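Encoded as structure tokens, the structure appears first; notes follow it.
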Amino acid sequence: MKDIVLLYDNCCIYEIVILNYFQKCTGGDVFFCSVDGNVIRAMEGYSINTDMPLNDVDLSQVRSLIVPGGEIAQIDRPVVMDTLRILNDRGVLIAGICAGVDLLERAGILDGRKTVHSEDVDCIRDGNILTARANAYVDFAIEAGKALDLFEDERDLRETVDFWKLFKRAQA
């Protein structure tokens, strides 16, 4: 199963780096996609090669779709909205952070769900939908990791929280 990250010009890479790290360290099959498959330039100035255009993704093989924040008007397109709705109907984890949440809302997949738009929280998962505010990128990564069963056990989860969120040194 594939984990898809939807990239676009001026998206915020810092919001998803920890999640991508968790996915890769646990053997995840992470693919960077854009609407057209072209190189994107992130808000932080990085140029990133994408693996494929969104239309080329076999949606039956998708385990998660991650949408970072940024200037989402560029990806407010029918192909993106249709993809979000199809994956939502299949129960695939769809995770949006910052303005990525706005895109999920525009697609109509947040209706009737608890989200950072409807609750006074920084990060929340309701079923297969995960939403977070930009400053909650660590919580976002941890919650997505839990939803994707990336942690070996409760001890692994606790060590991850201690290191990434509570800034405790790793124990040898």
Side-chain angles (χ1 to χ4, degrees), residues 1-13 15-38 40 42 48-119 121-134 136-137 139-151:
M1 296 299 278
K2 295 176 177 24
D3 296 306
I4 304 297
V5 180
L6 181 57
L7 299 178
Y8 52 96
D9 284 328
N10 292 310
C11 66
C12 297
I13 295 302
E15 296 172 342
I16 60 168
V17 167
I18 297 171
L19 172 56
N20 293 157
Y21 175 77
F22 291 171
Q23 290 169 311
K24 291 303 284 184
C25 285
T26 57
D29 203 6
V30 179
F31 286 85
F32 294 119
C33 295
S34 64
V35 171
D36 56 14
N38 292 334
I40 66 97
I48 301 172
N49 292 316
T50 60
D51 296 301
M52 66 187 76
L54 187 59
N55 269 338
D56 288 357
V57 174
D58 178 355
L59 298 183
S60 71
Q61 296 299 309
V62 175
R63 174 175 78 154
S64 69
L65 177 68
I66 312 303
V67 184
E71 297 177 17
I72 60 165
Q74 301 173 57
I75 56 171
D76 190 353
R77 299 196 184 160
V79 64
V80 173
M81 300 304 170
D82 291 345
T83 299
L84 288 168
R85 290 181 195 114
I86 290 166
L87 294 176
N88 183 54
D89 289 346
R90 288 191 38 238
V92 167
L93 177 68
I94 300 173
I97 186 167
C98 190
V101 178
D102 297 335
L103 187 75
L104 305 185
E105 187 168 59
R106 288 182 188 173
I109 64 172
L110 301 184
D111 296 343
R113 297 196 187 252
K114 292 180 182 179
T115 73
V116 294
H117 288 175
S118 66
E119 306 289 318
V121 294
D122 289 332
C123 183
I124 190 168
R125 182 165 54 109
D126 186 345
N128 66 306
I129 303 292
L130 173 63
T131 60
R133 299 183 195 288
Y137 54 92
D139 293 321
F140 180 72
I142 291 168
E143 286 303 312
K146 289 181 347 189
L148 295 170
D149 201 25
L150 300 183
F151 303 108

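For clarity, every value in this text was computed on a predicted model and none was experimentally measured.
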Could you state the interatomic distance from [atom1] ([X]) to [atom2] ([Y]), rounded to the nearest 0.5 Å?
X      : Y      : atom1 : atom2 : answer
Leu148 : Leu19  : CG    : CG    : 7.0 Å
Ile66  : Glu15  : CD1   : CD    : 12.0 Å
Glu143 : Ile124 : CD    : CD1   : 9.5 Å
Leu7   : Ile75  : CG    : CD1   : 9.0 Å
Ile86  : Ile109 : CD1   : CD1   : 12.0 Å
Ile4   : Thr50  : CD1   : OG1   : 11.0 Å

Taking the side chain as every heavy atom from C-beta outward, state whether [X] and [Y] have any pair of such atoms under 4.5 Å apart.
X      : Y      : value
Thr131 : Arg113 : no
Asp9   : Glu71  : no
Asp126 : Leu110 : no
Pro68  : Ile13  : no
Met81  : Leu103 : yes
Val57  : Lys2   : no
Phe151 : Thr26  : no

Could you tell me which non-hydrogen atom of [X] sits nearest to which non-hydrogen atom of [Y], and how far apart they are?
X      : Y      : value
Val80  : Leu6   : CG1-CD2, 3.8 Å
Gln23  : Ser64  : NE2-OG, 3.7 Å
Glu119 : Arg133 : O-NH2, 3.3 Å
Cys11  : Ile40  : SG-CD1, 4.1 Å
Ile48  : Ala42  : CD1-CB, 4.4 Å
Gly70  : Ala99  : O-CB, 3.4 Å

Q. Who are the ring-ring contact (aromatic ring centres under 6.0 Å, His included) partners of Tyr8, not counting sequence neighbours?
A.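 Here no residue qualifies.
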Q. Of Asp3, Asp29, Leu87, Leu93, which meets side chain to side chain contact (heavy atoms under 4.5 Å, CB included) against Arg63?
A.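 The single option meeting the side chain to side chain contact (heavy atoms under 4.5 Å, CB included) with Arg63 is Asp3.
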Q.
I'd like to know whether Asn20 forms a side chain to side chain contact (heavy atoms under 4.5 Å, CB included) with Phe32, so could you lay out the CA-CA distance, the side-chain angles of the two residues, the decisive distance to 0.1 Å, and finally the verdict.
A. CA-CA 10 Å; Asn20 293 157; Phe32 294 119; 3.8 Å; yes
Q) Does the pair Ile18 and Phe140 meet the rule for a side chain to side chain contact (heavy atoms under 4.5 Å, CB included), with working shown? A) CA-CA 9 Å; Ile18 297 171; Phe140 180 72; over 6 Å; no
Q. Just wondering, more than 12 heavy atoms not from Tyr21 lying within 6.0 Å of its OH?
A.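 Atom OH in Tyr21 is not crowded, with 12 or fewer foreign heavy atoms closer than 6.0 Å.
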**Q.** Donor-acceptor contact below 3.5 Å, side chain Asp51 vs main chain Cys33
**A.**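 Side chain of Asp51 to backbone of Cys33, a donor-acceptor pair under 3.5 Å: no, none is there.
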Q) Is a side-chain N or O of Arg125 found less than 3.5 angstrom from the main chain of Lys146, in a donor-acceptor match? A)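 No, Arg125 side chain to Lys146 backbone: no donor-acceptor pair under 3.5 Å.
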